[in-house]
Amino acid sequence: MYTLETRKDASQKGQTIKADRLLFQRLLVAQDSGRDIDLKSLLSHELTPVPLSLADTAGRLRPTNKAALGKILEDGVTVEVLPKSSLKTCFIIDGQALVQAIGKPTGAKSFGDLADVFNASVFSHFNEHCSRVDVVFDRYRITSIKSGIWERREWRVRSIRRKIDSREIPLPANWKQFMDLPENKANLTKFLSDQMMLEAKKSRPTCELITAGGFEEETKVSSSQGSDVEQLQSSHEEADTRIILHAKAAYMDGYERIIVSCRDTDVLVLLTHFAGQLSGELWMRTGTRQERRYVAVHNIQLTPTMQRNILVYHVVTGCDTVSQPSGHGKKTTWKVFQQHGALLDDLGRGTLSESTIRSVEEFFCRIYSPPSDETNINDVRYRMFQKGTKDQKKLPASRKCLEQHIKRAHHQAQVWFQADVPIPEIESPIGSGWYEDATRRLHPHVSVDDPLPNEFTDIVCCKCKNCATSRCSCRAKNLKCIAACTCNNGVCHNPYNVAIETDSE
């Protein structure tokens, strides 16, 4: 047995749902014992409280190894040293990634000391050819499809809220615990944004620093030169998409070379998709200080279909907000994408239609059953079971659960496709694979309402010692006992056993 714990709101202890790990074994024993079981119909249901191919037993989405996709895209287009160039250059920094890289600096005692180290790193990118540096930050909203990640961090360690209202505020003893609280990160990004702007105006009067995302006002953008940055006033939640918006604006302002400093594969995928709209030279600076590398995004070669659908592929096969199908990582699903990428054409674009869901369902059929021409995931699920796959994690999700997965992918793809739009129009995630609890937190809709409908009684097995009373679950359903019943270890008094045997004679 295992348990699934789902937390509905902050005041509730949660709900425990029990499920039988040996359900499939019972199913086979029941069938072998002569019970009339419609396997195909039964397997169209999940048979577990959550789809184990998409979530773990606690209801958490299965993570993916995004770096595996990064390796695929970087192959043959990466250098250790950035080539020298006289092109007009703009450097764009993921501010939160830089905060994480710096951590708590050695010898730093106050937030003022931290700001000095942060500023030194940002300003080091100004040179004779790079006259503009953009720093963008994430926003931290309560109602967010990433709130589940923050919530788990808060449960792990009780973080303490600390307000940063001056340079003299001492740094916390436990930096990781401080950074686990979204409110602390939001306050820190505002402090760093203000400190950067003050220092840029003071020490870099001939260069331009632009920063966004870190201020209290969501759409606020600030330029050290006082330039018109109205086109950068954005409602984007993530720095990932703000990077695209800033890169496009820099290109429109005449910058011929754009360098993005970030270690997230999501950003590499976004840059790959939007590369044609950005600049002649587009680089991503990634890796660590010890193993730095530069990816020539402008040299990544994909077919037109793959270029068009690379965002959707990344989402539907697993990202931070959408689960990876168990056992099917980026390396294996990439081959399917190369051959069947057109099946993802409409996902994330416009309203999600039934025809789009069917196309993505067919893409999943190709993942789980490459040689076949199946288009129904429940049929694939049935065929795999017939051929010996009994591990629920290895079977694809049922159609009903896959549809929720597709809805989550559609929502995330909508966000990414509008990365170059300052104020994107995004449908609410609620009802699109997500639900909101009483504290306004969002959670993925992974639980199954009917993992085993009541009409499927033929796989019942009792746990009686001798089945002498009507409390025996087999007797209650007018069924004989089977090998999976506990009574088979002793004497069974189930009258239906005798009746069936007599009839057969």
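Note that these values count all heavy atoms, side chains included, but never hydrogens, waters or copies made by symmetry. Counting from 1, the numbers follow the sequence of the chain as shown.
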Exercise for review: Answer yes or no: is there an ion pair linking D56 with R60, defined by an N-O contact shorter than 4.0 Å?
Suggested key: yes
Check your understanding: Taking atom types as modelled, is there a side-chain donor on S355 or S353 under 3.5 Å from an acceptor on the other?
Key -> yes
Exercise for review: I would like to know whether V99 and L188 meet side chain to side chain contact (heavy atoms under 4.5 Å, CB included); could you show each step before the answer?
Suggested key: CA-CA 9 Å; V99 169; L188 176 60; 3.9 Å; yes
**Study point:** Any side-chain heavy-atom pair of T211 and L192 under 4.5 Å
**Key:** no
Check your understanding: Just checking, is any N or O donor in the side chain of H129 or S86 under 3.5 Å from an acceptor N or O on the other one?
Key -> no
Review point. Which heavy atom of T241 sits nearest a heavy atom of V415, and at what distance?
Key: CG2-O, 4.2 Å
Check your understanding: Just wondering, do V360 and L343 contact through their side chains at under 4.5 Å, heavy atoms?
Key -> no
Check your understanding: Do L69 and Y313 come close enough that some side-chain heavy atom pair is under 4.5 Å?
Key -> yes
Review point. Can you find a side-chain donor-acceptor pair between S223 and E208 that sits under 3.5 Å?
Key: yes
Practice item. Using a cut-off of 6.0 Å, state whether more than 12 heavy atoms not belonging to Y251 lie near its atom OH. Key: no
Check your understanding: Say you draw a straight line from CD1 of I357 to NZ of K407; how long is it, rounded to the nearest 0.5 Å?
Key -> 6.5 Å
Exercise for review: Decide yes or no on side chain to side chain contact (heavy atoms under 4.5 Å, CB included) for T286 and L268, but give the supporting numbers first.
Suggested key: CA-CA 10 Å; T286 188; L268 177 58; over 6 Å; no
Exercise for review: Test the K220-F215 pair against the cation-pi criterion, namely NZ or CZ under 6.0 angstrom from the six-membered ring centroid and within 45° of the ring axis.
Suggested key: yes
Point to revise | Nearest-0.5 Å distance, CZ of residue R358 to CD of residue E403 | key: 11.0 Å
Review point. Would a 4.5 Å heavy-atom cut-off, applied to side chains only, mark I210 and S222 as touching?
Key: no
Check your understanding: Does a side-chain N-to-carboxylate-O contact under 4.0 Å join R399 and E361?
Key -> yes
Review point. Would you call the rings of W283 and Y294 parallel, tilted or perpendicular, where under 30° means parallel and over 60° means perpendicular?
Key: perpendicular
Practice item. Decide if atom NZ of K393 counts as having more than 12 heavy atoms of other residues, nucleotides or ligands within a radius under 6.0 Å. Key: no
Revision key, fill the gap. To the nearest 0.5 Å, atom OG1 of T265 lies from atom CG of L73 at 8.5 Å
Review point. Any idea which heavy atoms bring H236 and R141 closest together, and the distance?
Key: C-NH2, 3.9 Å
Exercise for review: Decide yes or no on salt bridge (Lys or Arg N to Asp or Glu O under 4.0 Å) for E199 and R204, but give the supporting numbers first.
Suggested key: CA-CA 8 Å; E199 185 61 28; R204 302 281 179 166; over 6 Å; no
Review point. Should the heavy atoms of other residues, nucleotides or ligands under 6.0 Å from CG of D165 be counted, would the total exceed 12?
Key: yes
Review point. How long is the gap from CZ on R257 to NE2 on H298, to the nearest 0.5 Å?
Key: 8.0 Å
Point to revise | Donor-acceptor contact present, side-chain Q307 to main-chain T272, <3.5 Å | key: yes
Review point. Under 6.0 Å between ring centres, would you say that holds for W416 and H314?
Key: yes
Check your understanding: Does the side chain of Q412 come within less than 4.5 Å of C319's, by heavy atoms?
Key -> yes
Review point. Cation over ring, K163 on F191, under 6.0 Å and within 45°?
Key: no
Review point. So, do V50 and T57 sit near enough that their side-chain heavy atoms are less than 4.5 Å apart?
Key: no
Exercise for review: For side chain to side chain contact (heavy atoms under 4.5 Å, CB included), just list the numbers for R383 and E374, CA-CA rounded to whole Å, side-chain angles, deciding distance to a tenth of an Å, and then say yes or no.
Suggested key: CA-CA 10 Å; R383 302 280 184 237; E374 298 276 11; 3.4 Å; yes
Review point. Side chain of K104, backbone of P172: donor and acceptor closer than 3.5 Å?
Key: yes
Review point. Of all heavy-atom pairs between P396 and M384, which one has the smallest distance, and what is that distance?
Key: CD-SD, 3.6 Å
Check your understanding: Does the ring centre of F363 sit less than 6.0 Å away from the ring centre of H340?
Key -> no
Point to revise | D113 (side chain) donor-acceptor with S110 (main chain) under 3.5 angstrom | key: yes
Point to revise | Pairwise side-chain contact, T219 with S234, heavy-atom cut-off 4.5 Å (strictly under) | key: no
Review point. Quick check: does any side chain N or O of D138 sit under 3.5 Å from a backbone N or O of E238, one acting as donor and the other as acceptor?
Key: no
**Study point:** Test item: S323 side-chain N/O and L54 main-chain N/O as donor-acceptor pair under 3.5 Å
**Key:** yes
Review point. Crowded around E354 CD? As in, over 12 foreign heavy atoms under 6.0 Å?
Key: yes
Point to revise | Rounded distance [0.5 Å steps], CZ in R408 versus CH2 in W434 | key: 6.5 Å
Review point. Can any side-chain N or O of R139 pair as donor or acceptor with the backbone N or O of G213 at less than 3.5 Å?
Key: yes
**Study point:** Ring-ring centroid check F111 F178, cutoff 6.0 Å
**Key:** yes
Review point. Do T64 and K330 get their side chains close enough for a donor-acceptor pair, meaning under 3.5 Å?
Key: no
Practice item. Pick out which of E183, Q96, E237 makes a side-chain hydrogen bond (donor to acceptor under 3.5 Å, both in side chains) with Y140. Key: Q96
**Study point:** Basic-acidic side-chain contact under 4.0 Å: D264, K66
**Key:** yes
Check your understanding: Is a side-chain N or O of S193 found less than 3.5 angstrom from the main chain of T189, in a donor-acceptor match?
Key -> yes
Review point. When you measure from the side chain of H410 to the backbone N and O of L347, does any donor-acceptor pair fall under 3.5 Å?
Key: no
Exercise for review: Indicate the atoms forming the closest heavy-atom contact of G103 with L114, along with that distance.
Suggested key: O-CD1, 3.7 Å
Check your understanding: For K394, does the NZ atom have more than 12 heavy-atom neighbours from other residues, nucleotides or ligands under 6.0 Å away?
Key -> no
Point to revise | Residue pair F91, R132: steps toward the side chain to side chain contact (heavy atoms under 4.5 Å, CB included) verdict | key: CA-CA 6 Å; F91 202 96; R132 171 175 162 176; over 6 Å; no
Point to revise | Minimum-distance pair of heavy atoms, taken over all atoms of V297 and A275 | key: CG1-CB, 4.3 Å
Practice item. Answer yes or no: does atom CZ of R263 have more than 12 heavy-atom neighbours from other residues, nucleotides or ligands under 6.0 Å? Key: no
Practice item. May I have the step-by-step check of salt bridge (Lys or Arg N to Asp or Glu O under 4.0 Å) for E46 and R381, ending in yes or no? Key: CA-CA 10 Å; E46 202 59 46; R381 183 174 163 87; 3.7 Å; yes
Check your understanding: Backbone N or O of V312 within a donor-acceptor pair of the N309 side chain at under 3.5 Å?
Key -> no
Review point. Of all heavy-atom pairs between T321 and L61, which one has the smallest distance, and what is that distance?
Key: O-CD1, 3.4 Å
**Study point:** Row check, F274 ring normal vs K248 NZ/CZ: under 6.0 Å, within 45°
**Key:** no
**Study point:** From D373 atom CG to R366 atom CZ, the distance as rounded to the nearest 0.5 Å
**Key:** 6.5 Å
Check your understanding: Short question: side chain of H411, backbone of E427 - any donor-acceptor pair under 3.5 Å?
Key -> yes
Point to revise | Side chain proximity check, Q195 to R167, heavy atoms < 4.5 angstrom | key: yes
